[in-house]
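Below you'll find the structure, written out as structure tokens, and then a few comments.
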Amino acid sequence: HGMRIDVVTIFPEYLEPLNVSLVGKARARGQLDVHVHDLRGWTTDVHRTVDDTPYGGGPGMVMKPEPWAAALDAVVGQGPEGAVPTLVVPTPSGRPFTQELAQELAARPWLAFAPARYEGIDRRVIEEAATRMPVVEASIGDYVLAGGEVAVLVMVEAVARLLPGVLGNAESHRDDSFAPGAMADLLEGPVYTKPAEWRGRVVPDVLLSGNHGKIARWRREQAFARTLANRPDLVARWERGAFDKKDREA
Ligand SMILES: Nc1ncccc1[N+](=O)[O-]
């Protein structure tokens with residue numbers, strides 16, 4: 001069947017949302033095989049300790065290497081003989097998690113997520129894992145969360161919707177913002193549905209015109225305007241000419 005996903009965490013309940021909606025349905029259909037593991041299952045002391053003070057001093061706590069190494073060994077051992085997962089480590093100090101990275105990860109058969117709490121995981125865990133499997137350290141944004149579990153939910157959803165058959169044919173990621181292709185680097189413009197008039201506000205005529213060329217052009221204009229307003233950094237990648245060129249190609 002489809003992709004296998006493992007998540008090792010001290011808050012398994014944080015991953016409950018993987019049982020519902022898009023990801024839940026993909027699991028029910030066998031397109032995704034998700035296993036959530038409690039890191040504390042690999043502790044050996046009575047207090048089930050997973051963290052300790054940082055060498056060199058400083059605030060917060062660092063997650064100890066032994067439980068993580070034992071957990072990752074167990075996860076790898078549960079997979080097919082000789083196969084290893086791609087270890088995905090959500091961290092604010094990772095590379096940006098983008099639609100492109102989501103596409104990359106969606107092409108892999110097996111992902112293992114290692115969300116960390118506190119100030120992160122002892123560096124030696126990542127270094128040792130990298131000798132046995134691909135490791136991707138990725139950030140979902142420039143803000144600090146209490147832990148990586150929320151980032152795992154974001155990444156799993158972004159990846160799962162790219163898997164074949166997961167999105168019904170009613171939905172499509174062809175025109176996604178940030179997806180490579182005609183709409184790459186453009187934000188989605190405004191969308192409308194029935195009724196045609198609502199609280200005195202009408203739907204733009206062009207959308208009711210049935211003229212698909214005009215509609216496509218209007219949508220790109222709107223997307224460009226919105227991108228200009230909200231994400232001038234993305235527009236930097238567009239010269240006006242490129243915009244018109246793509247339009248001519250359309
Ligand atoms: N931003 C983050 N803060 C804490 C943990 C993980 C994070 N991230 O972006 O993956």
Side-chain angles (χ1 to χ4, degrees), residues 3-19 21-23 32 34-40 42-43 49-69 71-72 75 85-108 110-130 133-163 176-179 185 187 230-231 233-234:
M3 175 189 284
R4 174 171 170 140
I5 289 180
D6 287 276
V7 185
V8 178
T9 170
I10 57 172
F11 292 120
E13 66 276 19
Y14 229 112
L15 283 301
E16 287 295 312
L18 295 183
N19 298 318
S21 184
L22 180 115
V23 174
L32 263 182
V34 179
H35 302 260
V36 178
H37 311 271
D38 185 341
L39 176 66
R40 294 192 197 276
W42 286 279
T43 58
T49 308
V50 293
D51 64 319
D52 204 336
T53 53
Y55 276 120
M61 302 285 269
V62 173
M63 300 193 93
K64 294 168 61 63
E66 299 96 330
W68 273 106
L72 292 178
V75 165
T86 294
L87 181 64
V88 181
V89 184
T91 167
S93 57
R95 63 188 269 209
F97 180 74
T98 59
Q99 190 66 14
E100 189 181 356
L101 180 50
Q103 303 264 14
E104 259 182 61
L105 296 178
R108 310 268 170 108
W110 186 9
L111 304 177
F113 288 89
R117 312 299 289 180
Y118 314 112
E119 306 309 312
I121 303 173
D122 185 298
R123 188 71 204 153
R124 291 167 292 180
V125 173
I126 310 301
E127 288 169 357
E128 195 271 343
M133 66 193 89
V135 176
V136 173
E137 295 181 87
S139 166
I140 62 165
D142 296 336
Y143 36 77
V144 183
L145 303 168
E149 280 77 9
V150 170
V152 172
L153 294 177
V154 166
M155 294 180 188
V156 169
E157 179 160 327
V159 168
R161 64 184 292 281
L162 296 175
L163 298 179
D176 279 352
S177 295
F178 310 107
D185 293 343
L187 303 180
N230 293 343
R231 289 292 303 277
D233 59 299
L234 292 181

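In listed order, ligands and their atoms are each counted from 1. Positions are given from 1, in the same order as the sequence printed here. All values derive from a computational prediction rather than experimental measurement.
Residue-level proximity to ligand 1 for S139 is carried by backbone and side chain together, each with a heavy atom below 4.0 angstrom. Counting heavy atoms under 4.0 Å from ligand 1, residue D142 does not touch it at all.
Looking at ligand 1, you won't find any N or O of M155 less than 3.5 Å from one of its N or O atoms. Some N or O of L145 is nearer than 3.5 Å to an N or O of ligand 1, by distance alone.
At least one heavy atom of A138 sits less than 4.0 Å from an atom of ligand 1.
The aromatic rings of F11 and Y14 are tilted relative to each other, their planes meeting at an angle between 30° and 60°.
Listed by number with element, the atoms of ligand 1 under 4.0 angstrom from any heavy atom of G141 are 1 (N), 9 (O). In the vicinity of P90, heavy-atom distances shorter than 4.0 Å reach the ligand 1 atoms 6 (C), 10 (O). Residue A151 has at least one heavy-atom neighbour below 4.0 Å for each of these atoms of ligand 1: 10 (O).
Of all protein heavy atoms, the one closest to atom 9 (O) of ligand 1 is I140 N, 2.8 Å. Distance from atom 1 (N) of ligand 1 to its nearest protein heavy atom, with residue and atom name: Y143 O, 2.7 Å. The closest protein non-hydrogen atom to atom 10 (O) of ligand 1 is T91 N, 3.2 Å.
Residues A102 and V159 approach most closely at O-CG2, 3.8 Å, considering heavy atoms.
Under the side chain to side chain contact (heavy atoms under 4.5 Å, CB included) criterion, D52 pairs with K64, sequence neighbours left out.
Proximity of M155 to L111: side-chain heavy atoms (C-beta onward) are nowhere separated by under 4.5 Å. Looking only at side-chain heavy atoms (C-beta outward), P115 and V7 come within less than 4.5 Å of each other.
Residue pairs meeting the side chain to side chain donor-acceptor pair (under 3.5 Å) criterion with at least one partner in residues 134-159, sequence neighbours excluded, are T9-E149, R117-E149, R123-E137.
Classification of R124 and D122 as a salt-bridged pair holds, one side-chain N sitting under 4.0 Å from a carboxylate O.
Atom CD in Q103 sits 10.0 Å away from atom CG in L105 (nearest 0.5 Å).
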